[in-house]
Amino acid sequence: MRQIWEVRPGEKLVEPTGWTAAKGHPVLDLAFSSDGRKLAVTMDDHYDSGGFKTHLLILDAQNPQVALRQFDLETCGNFLTWAPDGNALLVCGEVVRLDDGSSCDLQRSALERAVSNVLTNSYWLGTGRVIRGDRTVTDLSCHPLGTWETDGKWAVAGTVPIKGWILLRQSVQRTINGKTLPYNNYAIAGRDSHTLTSGIFLADSYGDANMIVVPGAAAVCSSMTHLGQTNLALGCWNLPDGSVLPIATELADYIVTRASTNSPVVVAERWGYHWWNLLKITPEELELTVVDVRSGHRLASLEPRTQQGNYASQSNIRNWYFHYALSRNGDFLAEGGDGVLRLYQLQ
């Protein structure tokens with residue numbers, strides 16, 4: 001990788017009245033805009049009166065020293081995604097409109113807000129439209145527009161607005177080895193047709209985690225556990241028909257965490273325990289790689305690095321590490337941690 005620039009926006013943060021400066025300025029999430037011109041960053045996880053607060057920063061990806069915009073939000077800093085037209089962002093269940101700097105909360109109860117801190121439950125449906133996990137649709141002011149209807153009791157688990165694809169999830173009970181356990185079925189539907197474009201997949205598994213839509217590969221990927229097995233293994237399925245996408249054997253124990261919108265390049269992580277520290281209670285990020293998920297070709301490998309800042313939410317172990325984002329064509333990688341951002345060109 002070739003480093004293009006490095007900036008330290010943590011040194012330029014202005015804390016609103018009543019906010020205590022966070023030690024170390026941890027980076028919580030990164031995301032390139034759909035045109036690749038802007039980079040959004042959430043930094044610091046303040047916690048006060050039972051709720052999270054964070055800073056949203058918008059930078060010019062080519063000239064990050066110019067026109068830094070700061071928004072102060074009363075939400076967590078996870079699950080950062082751009083609107084298809086680049087005029088708004090979703091941040092941990094909140095819609096932020098860039099034209100006037102206003103925002104609104106998509107969560108309708110304290111329980112929904114608590115869940116949104118650990119699980120994403122809102123997605124871009126199209127220009128000016130957001131869809132919640134329960135298929136209710138809102139505008140950019142969080143005003144309800146109705147429900148996206150389809151046959152069956154499905155929840156939304158992801159979207160590809162530019163293609164009009166919706167990833168659906170259905171929670172069911174299954175008895176395994178005498179124990180009844182919850183697990184998920186998945187299917188893909190057309191946004192405009194309101195009908196399934198695939199059959200049910202993941203039906204042969206009783207555990208899945210880290211489900212992610214990979215738009216540039218026209219696929220969805222997840223870590224799953226098959227019957228009779230205990231280890232999670234990476235699986236991917238083609239959009240929109242749900243057929244199996246073969247995965248390189250060496251990627252079997254990785255988790256896909258970041259994706260580009262126009263190429264099959266992803267960021268994948270491998271978690272576990274170092275052989276010399278098997279008594280460690282929590283797992284560690286052992287390896288980080290940038291790879292073409294369709295061909296298995298690796299573009300870069302990185303040494304995982306931990307951030308040094310204080311964290312209000314110690315339950316999210318991933319926030320302890322530096323975060324990454326891929327440009328739309330998968331040719332640039334942004335890295336953020338400890339108040340510092342870097343941009344690399346992948347060669």
Side-chain angles (χ1 to χ4, degrees), residues 1-7 27-41 59-64 80-82 158 160 162-163 209-223 232-239 244-272 284-307 318-338 340-347:
M1 301 189 301
R2 181 172 66 91
Q3 183 171 316
I4 305 299
W5 51 251
E6 176 181 304
V7 293
V27 171
L28 305 178
D29 210 348
L30 297 167
F32 281 94
S33 59
S34 56
D35 62 7
R37 298 173 60 185
K38 301 292 183 181
L39 181 66
V41 183
L59 299 87
D60 186 309
Q62 298 299 318
N63 192 354
L80 178 62
T81 56
W82 285 84
V160 185
I162 193 172
K163 296 289 187 179
N210 309 295
M211 178 67 74
I212 183 173
V213 178
V214 186
V220 294
C221 294
S222 175
S223 299
L232 288 171
L234 180 64
C236 295
W237 297 264
N238 290 301
L239 292 168
V244 173
L245 170 62
I247 296 297
T249 303
E250 56 268 26
L251 293 178
D253 57 348
Y254 281 78
I255 300 168
V256 175
T257 56
R258 299 293 178 187
S260 51
T261 57
N262 290 354
S263 81
V265 175
V266 302
V267 174
E269 303 170 359
R270 186 169 65 88
W271 287 72
E284 300 172 79
E285 187 177 327
L286 302 180
E287 189 175 354
L288 190 73
T289 186
V290 182
V291 60
D292 184 317
V293 74
R294 284 194 168 271
S295 69
H297 173 67
R298 298 199 185 203
L299 285 75
S301 293
L302 299 90
E303 184 72 24
R305 293 196 289 168
T306 55
Q307 303 190 65
R318 283 187 175 170
N319 281 349
W320 301 355
Y321 290 86
F322 276 56
H323 288 266
Y324 298 87
L326 284 163
S327 63
R328 61 177 181 173
N329 293 325
D331 49 354
F332 291 94
L333 180 74
E335 175 191 63
D338 287 336
V340 181
L341 302 176
R342 300 179 183 89
L343 183 70
Y344 298 95
Q345 183 175 17
L346 297 170
Q347 298 177 322

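Heavy atoms only: backbone and side chains are in, while hydrogens, waters and symmetry mates are out.
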For residues [X] and [Y], report the shortest heavy-atom separation together with the two atoms involved.
X	Y	answer
L346	A300	CD2-CB, 4.1 Å
V256	V266	CG1-CB, 3.9 Å
S263	N329	OG-O, 3.3 Å
C221	V293	SG-CG2, 4.3 Å
P264	R294	CB-CG, 4.1 Å
V160	P215	CG1-CB, 4.2 Å

- Task: Taking salt bridge (charged side-chain N to carboxylate O under 4.0 Å, His left out) as the test, write out the residues that go with R328, two or more places apart.
- Result: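 Result, salt bridge (charged side-chain N to carboxylate O under 4.0 Å, His left out) vs R328: none returned.
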
Rounded to the nearest 0.5 Å, what separation is found between the [atom1] atom of [X] and the [atom2] atom of [Y]?
X	Y	atom1	atom2	value
M1	R342	CE	CZ	10.0 Å
R270	L288	CZ	CG	11.5 Å
Q3	Q345	CD	CD	12.5 Å
H323	L28	NE2	CG	6.0 Å
N262	L326	CG	CG	11.5 Å
Y344	L299	OH	CG	15.5 Å

Quick one: does [X]'s side chain get under 4.5 Å of [Y]'s, heavy atoms only?
X	Y	answer
W320	E285	no
V214	C236	no
W5	L341	yes
T261	S34	no
L80	L30	no

Are more than 12 heavy atoms, taken from residues, nucleotides or ligands other than [X], located less than 6.0 Å from that residue's [atom1] atom?
X	atom1	value
R305	CZ	yes
L286	CG	yes
E250	CD	yes

- Task: For residues 209-219, pull every pair meeting side-chain hydrogen bond (donor to acceptor under 3.5 Å, both in side chains), keeping only residues two or more places apart or in separate chains.
- Result: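 Found N210-R318.
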
- Query: What pairs with W271 under ring-ring contact (aromatic ring centres under 6.0 Å, His included), at least two apart in sequence or on another chain?
  - Reply: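 W271 satisfies ring-ring contact (aromatic ring centres under 6.0 Å, His included) with Y321 only.
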
- The single option from L232, I212, D253 passing side chain to side chain contact (heavy atoms under 4.5 Å, CB included) against S223: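 Testing S223 for a side chain to side chain contact (heavy atoms under 4.5 Å, CB included) against L232, I212, D253 leaves exactly one candidate, L232.
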
- Picking from L333, I255, L302, T289, what satisfies side chain to side chain contact (heavy atoms under 4.5 Å, CB included) with V267?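 It is L333, the one option of L333, I255, L302, T289 that forms the side chain to side chain contact (heavy atoms under 4.5 Å, CB included) with V267.
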
Kindly say whether [Y] contributes a backbone atom to a donor-acceptor pair with the side chain of [X] at under 3.5 angstrom?
X	Y	value
Q307	D338	yes
S260	V265	yes
W237	S222	no
R258	Y324	yes

